[in-house]
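A short worksheet on the structure shown next.
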Number of protein chains: 2
Amino acid sequence: MSRLESFIRRLEAQRVCLDHAVELIRELPGPALELGLGNGRTYDHLRERLPEREIYVCERQVAAHPDCIPPARFLILGDLRETLPTARARIGTAVALIHADLGSGDVEASHRQAAELTPLIAGLPRPGGIVVSDQALETARLRPLELPTGVKPGRYFLYRAEG
Amino acid sequence: MSRLESFIRRLEAQRVCLDHAVELIRELPGPALELGLGNGRTYDHLRERLPEREIYVCERQVAAHPDCIPPARFLILGDLRETLPTARARIGTAVALIHADLGSGDVEASHRQAAELTPLIAGLPRPGGIVVSDQALETARLRPLELPTGVKPGRYFLYRAEG
């Protein structure tokens with residue numbers, strides 16, 4: 001499979017998992033939280049799918065398309081290791097949905113970063129809340145969910161927060 | 001449509017058009033030419049689909065994934081306005097296939113650049129050669145072809161070089 005095909009499948013998995021997560025939290029109140037704004041494409045997708053929810057975004061440094069930058073009051077700027085420990089207080093409540101797009105081209109560094117951030121992420125969703133992630137997040141509180149049809153295991157990850 | 005969905009459709013159109021072009025040049029000898037290496041994803045795709053062909057790449061400055069950088073003798077470095085006029089001499093023959101991925105986020109600048117480069121691109125393919133492009137290339141020598149099924153008009157462009 002070429003890198004072009006592999007990239008298309010990754011984006012398609014991301015889209016399908018986000019749409020599935022949006023269905024899963026339909027009855028669950030609370031804001032959404034995007035970890036990593038990047039170019040703003042998935043933020044734009046969540047904003048379109050969840051027009052009635054507040055969507056907070058943690059990002060080190062904004063470099064997104066100008067149309068995809070969240071209002072300042074929803075933007076939590078800084079290194080995730082520093083912003084996640086106080087994110088719940090900043091948001092004011094536990095969240096219904098987290099999307100964590102943490103990986104970079106460096107596979108080893110991405111794994112290390114995910115392992116370091118997992119305990120910080122795990123405390124943020126409310127019971128029953130959903131975490132969608134491009135990295136495996138191994139922790140007792142996050143129970144892996146079956147992936148939507150067509151998404152190859154390991155391409156994206158889906159979790160539900162225990163009570 | 002969210003930016004995520006729009007991006008997926010653009011990449012899918014790119015993939016489908018490249019695969020279609022590869023079929024169209026099956027009986028036509030000659031190398032392929034990639035205008036813009038970028039991250040190397042479409043170069044990798046062409047390399048996989050055309051293992052028996054030489055693939056030349058014009059790029060201002062290489063910033064691709066290390067696995068997707070062409071051998072030095074196939075790399076033509078510099079601004080396209082300077083490298084395209086001598087590309088045919090450098091390659092040594094007319095090409096069977098060109099893929100031009102020229103656009104940036106700035107729509108107006110992308111149109112201007114495409115208009116400027118069109119006459120330089122038009123002379124490179126051999127008669128019957130195929131040009132796949134993310135921008136419209138309006139010139140007498142390049143006859144627009146019907147797009148493959150599922151590709152929305154304007155999302156990608158396909159041309160055959162007249163004799």
Side-chain angles (χ1 to χ4, degrees), chain A residues 1-22 32 34 36-51 53 55 57 62-70 97 99 101 103-110 132 134 148 150-151 155-156, chain B residues 1-22 32 34 36-51 53 55 57 62-70 97 99 101 103-110 132 134 148 150-151 155-156:
Chain A
M1 192 187 310
S2 72
R3 282 186 178 267
L4 177 61
E5 292 171 292
S6 167
F7 187 55
I8 291 172
R9 291 191 192 196
R10 182 182 176 278
L11 291 171
E12 186 61 24
Q14 189 177 54
R15 186 190 69 75
V16 168
C17 287
L18 288 175
D19 287 352
H20 186 57
V22 162
E34 172 93 321
L37 180 60
N39 48 49
R41 281 193 290 258
T42 57
Y43 170 69
D44 188 53
H45 194 73
L46 284 176
R47 184 170 62 170
E48 200 179 284
R49 292 294 195 272
L50 299 169
R53 303 227 186 202
I55 304 176
V57 177
V62 172
H65 190 283
D67 291 349
C68 299
I69 296 174
L97 172 66
H99 174 226
D101 190 0
S104 66
D106 183 338
V107 173
E108 278 311 307
S110 300
V132 184
D134 72 324
V151 178
R155 209 183 276 286
Y156 235 71
Chain B
M1 192 189 308
S2 73
R3 282 185 178 268
L4 177 62
E5 291 171 293
S6 167
F7 187 56
I8 292 172
R9 290 190 193 197
R10 181 182 175 281
L11 292 171
E12 186 61 23
Q14 188 176 55
R15 185 190 68 75
V16 169
C17 288
L18 288 174
D19 287 352
H20 186 56
V22 162
E34 171 93 321
L37 180 61
N39 47 50
R41 281 192 290 256
T42 58
Y43 170 70
D44 188 54
H45 194 71
L46 284 177
R47 186 169 60 171
E48 200 179 286
R49 291 294 194 272
L50 299 169
R53 303 226 187 204
I55 304 176
V57 177
V62 172
H65 190 282
D67 292 347
C68 299
I69 296 174
L97 172 66
H99 175 227
D101 191 0
S104 66
D106 184 336
V107 174
E108 279 310 307
S110 300
V132 184
D134 72 324
V151 179
R155 211 183 276 283
Y156 235 69

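Here is the naming used below: chain letters follow the sequence lines, and residue numbers restart at 1 for every chain.
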Reported CG-to-CD distance for the pair A:Leu4 and B:Glu12, which is rounded to 0.5 angstrom: 8.5 Å

How would you list, in number order, the residues of residues 41-51 of chain A that have a heavy atom less than 4.5 Å from chain B? A:Arg41, A:Thr42, A:Asp44, A:His45, A:Glu48, A:Arg49

Honestly, the part of A:Asp67 sitting under 4.5 Å from a heavy atom of chain B is side chain

Which distance, rounded to the nearest 0.5 Å, do you find between the CD1 of A:Ile8 and the CZ of B:Arg10? 10.5 Å

